[in-house]
Structure formats: C-alpha cells, structure tokens
Amino acid sequence: MDAFYASVEIRDRPELAGLPVIVGATASRGVVLSASYEARVLGVRSAMPVTRARRLCPHAVFVAPRHRVYAAVSAEVMAVFRSITPEVEPLSLDEAFLDVSGAIRRLGPPASIAGLIRAEIRDQQGITCSVGVASCKFVAKLASALCKPDGLLVVPEDQVLGFLHPLPVAALWGVGEQTGRALAGLGLRTVADIAHTPPAVLRRELGQAAGAHLHALAWGRDERPVVPGLADKSVGAEETFPADVDDPEVIRRELLRLSGRTARGLRAGGSVARTVVVKLRLANFTTITRSRTLPEPTDVAQKIYATACDLYAAAGLDPRARLRLVGVRAAGLIPATRSATQLAFGERPYSWRDAERAVDRIAGRFGPDSVRPAVLVWHGQEPEGRAAGGPERPAGP
C-alpha cells in the first residue's frame, strides 16, 4: 500500500486530501508511523522522531494512529490478494508477495493481474497500492518501491540486469550504512560494480555470507519461493512514554500491560513462546535489549511479565536512568498444540493459563478492557485514544 496509515486516514477524512498528513504521536513524544507524500517531499519519513517531523513540516496535520482500523483494512486487502491466488506471503500489514503463476490461465498475464489487484484495492478500500512484477522476490519488491506512489512496474526476466545494474548499491537488500561504506571503500557504487567484482573479493571484504548474498542479488538471483501463511517469528508490543520515566514502579506497570498484550497475541495466534525479550530505550535514544529462554514455552502473561521484570532488573541501569520507551516481545514461537506443560509438584491443575483464557472469552464478549489487573485500572472511565505510549494510571492505594 502507498503510505498505508496516512492513506486510510485521508480516505476517512476527505478534508485532509492534498495536505501533509503525519500519523504518529500527536504530542511531542514518539515517532512517525506513516506520512502522506505531501509530507514526504519535505523529508518526513517513517520512524523519524515527531519533533524533527514538526520542524521539517510545521504545517502538517498530525493524526493519532487507529491500529484496529488499519488491521481491519489490512484483512480486507489480504482477502483481495487471496482472491487472486492462495500463494500469498504477508510481509507486514500492508505488503505481501504473491506467486501468480497459477492464476495466469484464469486471469491473464502478470501485468493484467497486477492491474486487477490495484483496481480491486482502489474500488474496495479507497486507497492506492504500487505493484512490482518480476520473476523473483527481490526484483519484484524493488520494482514496487521504485514505482511508488500508485504505480505498476513490470521487469521481464530478460531485462532484469538492465533494470538492476544502473541502480546504486543501496538498492540491494542487506546494504546498510556500514556495508555501504565498505563497498564505497572498494570503489563499488552501482549494482553493476558489485556484479563484476570477483565473489572472492566480496567474501573477503564483507564476510562469506554477505559477500555471496550481494553477488547473487547483483545478478538478479533470488531462489526463495513465496511461502503462504508464513508463521510469525515473534509477537510483541512496545510503547513510548509521554515523558521520560525514572520510576521503576511505573515501568513495571507498563511491562505488565505489554506482557498482557503479548500473551493475548500469542493465544490469538495459537502459539507459545520459548524466549522473552525486553526492550528499553533511554532518554538519549540508547536502546538496550535483554532476552531469556524459558524452561518451557508459554502464552501466560504472568510468566512473561515475571521474566520481563527480571530482565529489566538485570539490565544494570543507573537508578536515575530515564526511559522513553519500553517493549516486551515473545520469540521462538511454536504451535501451542505441540507444547506440553509439565505440572510442578504440588501445582494445581487450574492455573494462570486457565484464568487468562477465561479473561479472553470475557473480552471477546464485552471488550478488551472489561477485565484487567487492578494495578492498571483507572479511577474513572478510560478515555478513547489514550496518548500513544502513555502508561495507564493505577487506581491508587
């Protein structure tokens, strides 16, 4: 999709059409999640701090994110994809690979299928998308990026090298700032330069895996198939505080809330996690991550929370350290059906897992906030659209 979150907001608020729209934190904290192309031409980019975005684009309209709306639109978009072919590999809420080789006899050549996808998305969802068509994943993704916004670019197999070789080295997957400097040191500035460099030189300078990877991409070789329904590698949640926080109790409350969200995500996906990861971002933007592999996989918030607190305590932070963001992520996922839970000696057969699943059923009927830990309960009614990243206030003593 083109500027997905921003496009959905403009669709729902037509008065925003033609204006620079930035979706993200509406206060002075947090980062840009999406920006319309009117904002992008002024230098605004995703993941940019909103303070910088305001300096670059002072007349922008800042909109708080509506993640449930985006998830609903994403589900409709993916349904369009799957109406074309069952061979759909989602990359994110708004992006996927499609293997359309099995749909050609029914729907026509790949360019026609791409046009059909764009028309269906536009007509059904009122937003635009850009489609790249090629014989491998890497070139298709690159083509989709280069034809944005609202574009279609077909790269026939016999024209792949003519398409790739004039591009800068940064166009290749895996070329970040550090690799870019190493390539520049070798005098390599275009994809053609990499293609015509002996693989042994690339492996020596960049490492075995990276050197071989970049050389293959430079010749348009990407053998990875489209993998339908690829399982999530991790489930997690993170929040940016409205103001830097140095109170461990506030931080632990936020870890509790995020652990609950993570556990619900695991149960909704039918997965359990072997590893818990905590992310701590300091006021100076230094980011610390700590992880621990559990004795047995879990989807229980209490176990995730206890581990998250241990990781936070073991991070070695100065007692005066101020945090701007915390996150909890569950990794090493396996299907819950493949995990057997061993009861400890004397442990009751009914546990936190049963209680949390009961809460899931209540939340499914009465809403996600109908039951929650007492420490996360507000004095009054929780307002709609709590500031992104703000910790939920406790009810008091």
Side-chain angles (χ1 to χ4, degrees), residues 67-68 70-72 74-75 78 88-93 96 227-239 251-280 287-315 325-376 392:
H67 292 289
R68 289 185 183 178
Y70 309 145
S74 172
M78 295 298 166
V88 177
E89 180 182 336
L91 295 182
S92 62
L93 278 180
V227 182
L230 191 63
D232 290 334
K233 295 181 180 179
S234 65
V235 172
E238 60 185 46
E239 294 288 357
I251 293 167
R252 281 192 285 266
R253 281 201 297 271
E254 188 67 4
L255 291 174
L256 175 60
R257 191 172 70 84
L258 296 174
S259 297
R261 287 173 56 184
T262 299
R264 287 194 296 274
L266 287 170
R267 293 192 294 270
S271 299
V272 290
R274 291 175 290 201
T275 302
V276 174
V277 183
V278 164
K279 178 179 179 180
L280 307 168
T287 301
I288 300 169
T289 58
R290 295 290 184 269
S291 64
R292 177 178 298 172
T293 299
L294 304 174
E296 64 178 32
T298 190
D299 59 4
V300 178
Q302 286 295 319
K303 290 184 179 180
I304 295 172
Y305 171 61
T307 306
C309 285
D310 289 346
L311 292 170
Y312 164 56
L325 176 148
V326 295
V328 175
R329 181 164 53 89
L333 306 191
I334 61 173
T337 54
R338 287 172 41 195
S339 173
T341 301
Q342 178 70 41
L343 287 177
F345 181 75
E347 183 179 356
R348 296 180 179 179
Y350 298 102
S351 61
W352 274 109
R353 175 177 283 103
D354 302 284
E356 291 182 14
R357 288 175 175 170
V359 169
D360 288 344
R361 293 192 293 272
I362 295 170
R365 182 174 181 182
F366 298 105
D369 295 320
S370 51
V371 180
R372 70 177 83 177
V375 73
L376 300 182
E392 300 185 15

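Note that these values count all heavy atoms, side chains included, but never hydrogens, waters or copies made by symmetry. The shown structure was predicted, so the numbers you read here are calculated from the model rather than taken from an experiment.
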* Considering the options Thr298, Val272, Ile304, which one meets the side-chain contact (heavy atoms from CB on, under 4.5 Å) requirement together with Leu266? ->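 It is Ile304, the one option of Thr298, Val272, Ile304 that forms the side-chain contact (heavy atoms from CB on, under 4.5 Å) with Leu266.
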
* Indicate yes or no for a side-chain donor-acceptor contact from Arg267 to the backbone of Asp299 under 3.5 Å, with no hydrogens or angles considered. =>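 Checked: pair present.
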
* Asked: With no hydrogens and no angle check, is any side-chain donor or acceptor of Arg274 less than 3.5 Å from a backbone partner on Gly332?
  ->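 Checked: pair present.
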
Please round to the nearest 0.5 Å and tell me the distance separating atom [atom1] of [X] and atom [atom2] of [Y].
{"X": "Tyr312", "Y": "Ile288", "atom1": "OH", "atom2": "CD1", "result": "10.5 Å"}
{"X": "Arg264", "Y": "Ser259", "atom1": "CZ", "atom2": "OG", "result": "10.5 Å"}
{"X": "Leu255", "Y": "Leu280", "atom1": "CG", "atom2": "CG", "result": "7.5 Å"}
{"X": "Glu238", "Y": "Leu258", "atom1": "CD", "atom2": "CG", "result": "8.5 Å"}
{"X": "Arg253", "Y": "Tyr305", "atom1": "CZ", "atom2": "OH", "result": "9.5 Å"}
{"X": "Gln302", "Y": "Leu256", "atom1": "CD", "atom2": "CG", "result": "6.5 Å"}

How far apart are the closest heavy atoms of [X] and [Y], and which atoms are they?
{"X": "Val276", "Y": "Ala308", "result": "CG1-N, 4.4 Å"}
{"X": "Ala273", "Y": "Ala331", "result": "CB-O, 3.5 Å"}
{"X": "Gly236", "Y": "Thr262", "result": "CA-OG1, 3.7 Å"}
{"X": "Val300", "Y": "Ala263", "result": "C-CB, 4.1 Å"}
{"X": "Ser234", "Y": "Arg329", "result": "OG-CD, 3.5 Å"}
{"X": "Ile334", "Y": "Pro297", "result": "CD1-CG, 3.8 Å"}

* Indicate yes or no: at least one non-hydrogen side-chain atom of Arg292 is less than 4.5 angstrom from one of Asp310. =>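 They are in contact (side-chain heavy atoms under 4.5 Å apart), so the answer is yes.
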
